[in-house]
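Everything below concerns the one structure shown next.
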Amino acid sequence: MRGGCRLFPLLLLALLRGLCHGREPAPGAVTCGSVLKLLNTRHSVRLHSHEVKYGSGSGQQSVTGVEASDDANSYWRIRGKSDGSCQRGTPVKCGQAIRLTHVNTGKNLHTHHFPSPLSNNQEVSAFGDDGEGDDLDIWIVQCSGTYWEREDAVRFKHVGTEVFLSITGEQYGHPIRGQREVHGMPTANHHNYWKAMEGVFIKPSMDPAKHDEL
């Protein structure tokens, strides 16, 4: 009995160490399958797309920033680099490769070597059909902890061209007057921080077998 009493503090210490090491995801982790809006923290606009194509560059579906918080065209679904690589409810890790699929049009957040129409940075568009595009739809989530937390400001770095998803404030005229240009920038700075806002967040789980694959 005395030996058991001496072991108890050691077992308790081991348990506390396990909790401190972050083996379980925090309740506020952004998870695969979640649908959310993304706010640019510098310019206070949400990442947006719609069935309006660029009149120059690639001619693909345009991606902009809007001030309104209630616009239904600002929802994006978190998906994996490939089907099955980001299962529903699995917390997104810092450094993980993801796709952002525009809910209303089924196109993926995309960039490529075309100049953006206003700032002459790199054009960001929405591309593909029913969530399927190409390798230029893949972004790395850059954050400071283990997981992408909803309260964190994060960056999205493009895998193919190494630019950061950014806004610097340029505004469009007709037919999307007042909306901001979204583009890719080669440097990490205060124009490319984003925060998860409104949405439907799938409950975090460390057991992906319990969830459907995307």
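The structure presented is a predicted model; accordingly, all values stated were derived computationally and were not measured.
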With hydrophobic residues grouped by side-chain heavy-atom distances under 4.5 Å, do Y75 and F127 end up in a single group? no

I would like to know whether K81 and C86 meet side-chain contact (heavy atoms from CB on, under 4.5 Å); could you show each step before the answer? CA-CA 8 Å; K81 178 180 178 181; C86 189; over 6 Å; no

Just do the side-chain contact (heavy atoms from CB on, under 4.5 Å) check on L165 and N192 with the steps written out, would you? CA-CA 6 Å; L165 183 68; N192 36 60; 5.7 Å; no

Can you tell me how far OG of S119 sits from CZ of R180, rounded to the nearest 0.5 angstrom? 13.0 Å

Can you tell me how far the OH atom of Y54 sits from the CD atom of Q60, to the nearest 0.5 Å? 9.0 Å

Would you confirm whether K195, through its side chain, and T41, through its main-chain N or O, come within 3.5 Å as a donor-acceptor pair? no

Would K107 and E51 pass as an ion pair if we require N to O under 4.0 Å? no

Residues passing the ring-ring contact (aromatic ring centres under 6.0 Å, His included) test with F114, sequence neighbours excluded, are H112

Minimum heavy-atom distance between N108 and G131, given as atom pair plus value: ND2-O, 3.0 Å

Show the numbers, then the answer: is there a side-chain contact (heavy atoms from CB on, under 4.5 Å) between S34 and R150? CA-CA 11 Å; S34 294; R150 286 186 232 170; over 6 Å; no

For the student: nearest non-hydrogen atoms of S74 and K37, plus distance: O-CG, 3.2 Å

Looking at every heavy atom in both S44 and L39, which two are closest together, and how far apart are they? C-CD1, 3.6 Å

Is there a continuous path of hydrophobic side-chain contacts, each under 4.5 Å between heavy atoms, that joins I78 to V154? yes

Examine distances only and state if a side-chain atom of N104 and a backbone atom of S49 form a donor-acceptor pair shorter than 3.5 Å. no

Which residue, T168, I167, N121, forms the side-chain contact (heavy atoms from CB on, under 4.5 Å) with V182? I167

Which distance, rounded to the nearest 0.5 Å, do you find between the CG of L100 and the CG of L38? 6.0 Å

Check whether any side-chain N or O of T31 sits under 3.5 Å from a backbone N or O of K203 as a donor-acceptor pair, and report yes or no. no

A side-chain contact here means heavy atoms from C-beta on lying under 4.5 Å apart; do D134 and H110 qualify? yes

Report yes or no: does H183 contribute a side-chain atom to a donor-acceptor pair with the main-chain N or O of N120 at less than 3.5 Å? no

Is there side-chain contact between H50 and I176, with at least one heavy-atom pair below 4.5 Å? yes

Parallel, tilted or perpendicular, as decided by the 30° and 60° cut-offs, for the rings of F156 and W148: perpendicular

Spell out, yes or no, whether V30 and V141 are grouped together once hydrophobic residues are joined by side-chain heavy atoms under 4.5 Å, including indirect joins. yes

How many angstroms lie between CZ in R42 and NE2 in H190, if you round to the nearest 0.5 Å? 3.5 Å

Would you say R99's side chain and G80's backbone share a donor-acceptor pair under 3.5 angstrom? yes

Within 6.0 angstrom of Q171 CD, more than 12 heavy atoms from elsewhere: yes

Quick check with a 6.0 Å cut-off and a 45 degree axis cone: is R155 positioned over the face of Y193's six-membered ring? yes

Is there a side-chain contact between E149 and C143 (heavy atoms, below 4.5 Å)? no

Locate the shortest heavy-atom distance separating R77 from G33; write the atom from each residue and the value. NH1-O, 3.4 Å

Nearest heavy-atom pair of H102 and N73: which atoms, and what distance? NE2-O, 2.7 Å

Are F201 and W194 co-members of a hydrophobic cluster defined by side-chain heavy atoms under 4.5 Å apart? yes

Tell me whether the count of non-hydrogen atoms from other residues, nucleotides or ligands lying under 6.0 Å of CD in E67 goes above 12. no

Measure from the side-chain N and O atoms of H158 to the backbone N and O of L136, and report whether any donor-acceptor pair falls under 3.5 Å. yes

Determine whether a donor-acceptor pair (N or O, by modelled atom type, separation under 3.5 Å) exists between the side chain of N40 and the backbone of H191. yes

If I compare all heavy atoms of V52 with all of P175, which pair ends up nearest, and what's the gap? CG1-CG, 4.3 Å

Distance-only, no hydrogens or angles: does the E123 side chain make a donor-acceptor pair with backbone N or O of S58 under 3.5 Å? yes

Among the clusters formed by ILVMFWY side chains lying less than 4.5 Å apart, do F164 and W76 turn up in the same one? no

Is there a donor-acceptor pair closer than 3.5 Å between any side-chain N or O of S125 and the backbone N or O of Q61? no

Is the backbone N or O of T64 less than 3.5 Å from a side-chain atom of Q179, with the two atoms forming a donor-acceptor pair by type? no

Nearest 0.5 Å, please: how far is OG1 in T105 from CG in D129? 9.5 Å

